[in-house]
Amino acid sequence: MSAKLRWGVLGVAGIAVNKVIPAMQKCKHAEITAIASRDASKSAAASAALGIGKHYGSYDALLADGEIDAVYNPLPNHLHVPWSKRALEAGKHVLCEKPLGLSTAEVRSLMEARDRTGLRAGEAFMVATHPQWLRAREIVRSGKIGDLRAVSVVFSYFNRDPENVRNVPEYGGGGLMDIGCYAIFGSRFLFGAEPVRAAGVLELDPDFGTDRLTSAVLEFPGGQANFVCSMQMVPAQRVTALGTRGRIEIEIPFNAPPDAPCRLWVDDGSDLAGGSRVEETFAVCDQYTLQGDAFSRAVMGEGEVPVPLEDSLRTMAAIEAIVRSSASGRWEPIAG
Ligand SMILES: NC(=O)c1ccc[n+]([C@@H]2O[C@H](COP(=O)([O-])OP(=O)(O)OC[C@H]3O[C@@H](n4cnc5c(N)ncnc54)[C@H](OP(=O)(O)O)[C@@H]3O)[C@@H](O)[C@H]2O)c1
């Protein structure tokens, strides 16, 4: 293996060409070696525009390239597990976009392929490597805000494009899968524990059949998380972690800008007008670069995969419980 892990990208996806590839091209431990598309002219154009050495007209052709160590999978959600499995079978480590698959059964099948091949696989929840999340978790663990009792998350934006993969139910579309997964992952990250049951309400888009507005409560051993997410509301995102003696607020928790400092606030609540709010800022960084380096280092034997499939399984189990609860009108246990 060369000094840098050699990555191939499956699909000329928006997230890949606009954010992840340019960010990973700044990695110390990774290089983008190849890109594939179902349409050879698309991968040729992307390789020229981004300065990627090789391009392929099919995903299989990329997987057959012996000079690729790892694959980044940014395909639509229904293709996450099938193509991640094929990549593992071809001997490649896999970093797969969120949500990891369509169901816990799918996630388990990918875990089985990972274990059988002995390769590394993980979910691309890039927030797990951003210093603002690591710091928020460190503050919770320090006891500074007392006992963590609640995590409250808002995540929304507007996208009613019928052509968009997120508005196709068979592709695993809808707001819960697309952005509710961040609220679940982030709550689990901050509590450092697993939720035991969930209650949720999904409102479906009458044309697409995907959820356009979802609210949920997750019960943790030490408290509760709640979130609202929507693909048909004003763009907004905020995370608040509330303890017995203080709270933490992350200003831009999920789409942290790569070109400006991020901020969080710690507040003991003694001045409701904001006078007791203490600001912490984080040096400019790109969470996709950090993710690429962390995953690559793990493959090279240094540290762990940032978000292993065991984590993905717990996030997916919570998604399934929320969907079941919306149908049953009752709390649902979170299995898995
Ligand atoms: N972590 C993050 O910050 C983040 C942000 C945005 C999205 N994502 C995730 O990344 C994934 C892709 O999202 P995106 O917005 O980048 O999607 P997108 O622009 O629609 O790209 C998806 C790509 O998948 C390929 N594809 C293969 N089969 C397809 C099919 N049947 N229909 C449509 N495309 C197909 C296409 O590539 P070719 O035509 O070149 O083969 C297409 O360009 C999703 O899982 C999403 O959740 C993550």
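Counting starts at 1 for both ligands and their atoms, following the listed order. Predicted model only: the values in this text are computed from it and were never measured.
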Looking at [atom], what's its closest protein heavy atom, distance included?
{"atom": "atom 12 (C) of ligand 1", "answer": "P74 O, 3.0 Å"}
{"atom": "atom 3 (O) of ligand 1", "answer": "Y288 OH, 2.6 Å"}
{"atom": "atom 45 (O) of ligand 1", "answer": "N77 OD1, 2.7 Å"}
{"atom": "atom 22 (C) of ligand 1", "answer": "A13 CB, 3.7 Å"}
{"atom": "atom 5 (C) of ligand 1", "answer": "I15 CD1, 3.3 Å"}
{"atom": "atom 29 (C) of ligand 1", "answer": "R38 NH1, 3.2 Å"}
{"atom": "atom 43 (O) of ligand 1", "answer": "V12 O, 3.0 Å"}
{"atom": "atom 2 (C) of ligand 1", "answer": "Y182 OH, 3.4 Å"}

(message) A cation-pi test, strictly: NZ or CZ of R120 under 6.0 Å from the centre of the six-membered ring of F295 and no more than 45 degrees from its axis. Yes or no?
(response) no
(request) Measure from NZ or CZ of R166 to the centre of the six-membered ring of F208, then state whether that distance is under 6.0 Å and the direction lies within 45° of the axis. (result) no
Might you confirm whether atom [atom1] of [X] has over 12 heavy atoms from other residues, nucleotides or ligands at distances under 6.0 Å?
{"X": "R116", "atom1": "CZ", "value": "yes"}
{"X": "E304", "atom1": "CD", "value": "no"}
{"X": "R135", "atom1": "CZ", "value": "yes"}

Part of [X] with heavy atoms under 4.0 Å of ligand 1, whether side chain, backbone, both or neither:
{"X": "A16", "answer": "neither"}
{"X": "D178", "answer": "side chain"}
{"X": "N164", "answer": "neither"}
{"X": "Y72", "answer": "neither"}
{"X": "L75", "answer": "both"}

(message) Under a 3.5 Å cutoff, is there a donor and acceptor pairing between the side chains of D60 and S58?
(response) no
(message) Quick check: is Y72 connected to V94 through a chain of hydrophobic side chains (ILVMFWY, heavy atoms under 4.5 Å apart)?
(response) yes
(message) List ligand 1 atoms under 4.0 Å from H80, heavy atoms only on the residue side.
(response) 45 (O)
(request) Go through ligand 1 atom by atom and flag the ones less than 4.0 Å from a non-hydrogen atom of A124. (result) 1 (N)
Determine whether any heavy atom of [X] lies closer than 4.0 Å to an atom of ligand 1.
{"X": "K19", "value": "no"}
{"X": "M177", "value": "no"}
{"X": "Y59", "value": "yes"}
{"X": "L79", "value": "yes"}
{"X": "Y171", "value": "yes"}

If we only count heavy atoms from C-beta on, is the [X] to [Y] side-chain gap below 4.5 Å?
{"X": "V201", "Y": "L213", "result": "no"}
{"X": "S187", "Y": "F220", "result": "yes"}
{"X": "R314", "Y": "P195", "result": "no"}
{"X": "Y56", "Y": "D65", "result": "yes"}

Candidate with minimal heavy-atom separation from [atom], of [options]:
{"atom": "atom 33 (C) of ligand 1", "options": "I179, V127, V9, V165", "answer": "V165"}
{"atom": "atom 6 (C) of ligand 1", "options": "R166, K98, K42", "answer": "R166"}
{"atom": "atom 34 (N) of ligand 1", "options": "S37, C96, P76, G14", "answer": "P76"}
{"atom": "atom 10 (O) of ligand 1", "options": "E123, E97, M126", "answer": "E97"}

(request) Under the side-chain contact (heavy atoms from CB on, under 4.5 Å) rule, what do Q291 and V307 come out as? Steps first, then yes or no, please. (result) CA-CA 10 Å; Q291 171 180 258; V307 183; over 6 Å; no
(message) Let's go through R6 and D69 carefully: what are the C-alpha distance in whole Å and the side-chain angles of both, what is the deciding distance for salt bridge (Lys or Arg N to Asp or Glu O under 4.0 Å) to 0.1 Å, and is it a yes or a no?
(response) CA-CA 5 Å; R6 299 164 300 181; D69 308 310; 2.8 Å; yes
(request) In plain terms, say whether K54 and E67 are close enough for a salt bridge, that is, a side-chain N and a carboxylate O under 4.0 Å apart. (result) yes
(message) Less than 4.0 angstrom from a charged side-chain N to a carboxylate O is my criterion; do E332 and R324 meet it?
(response) yes
(message) Side chain or backbone, does A36 bring an N or O within less than 3.5 Å of an N or O on ligand 1?
(response) no
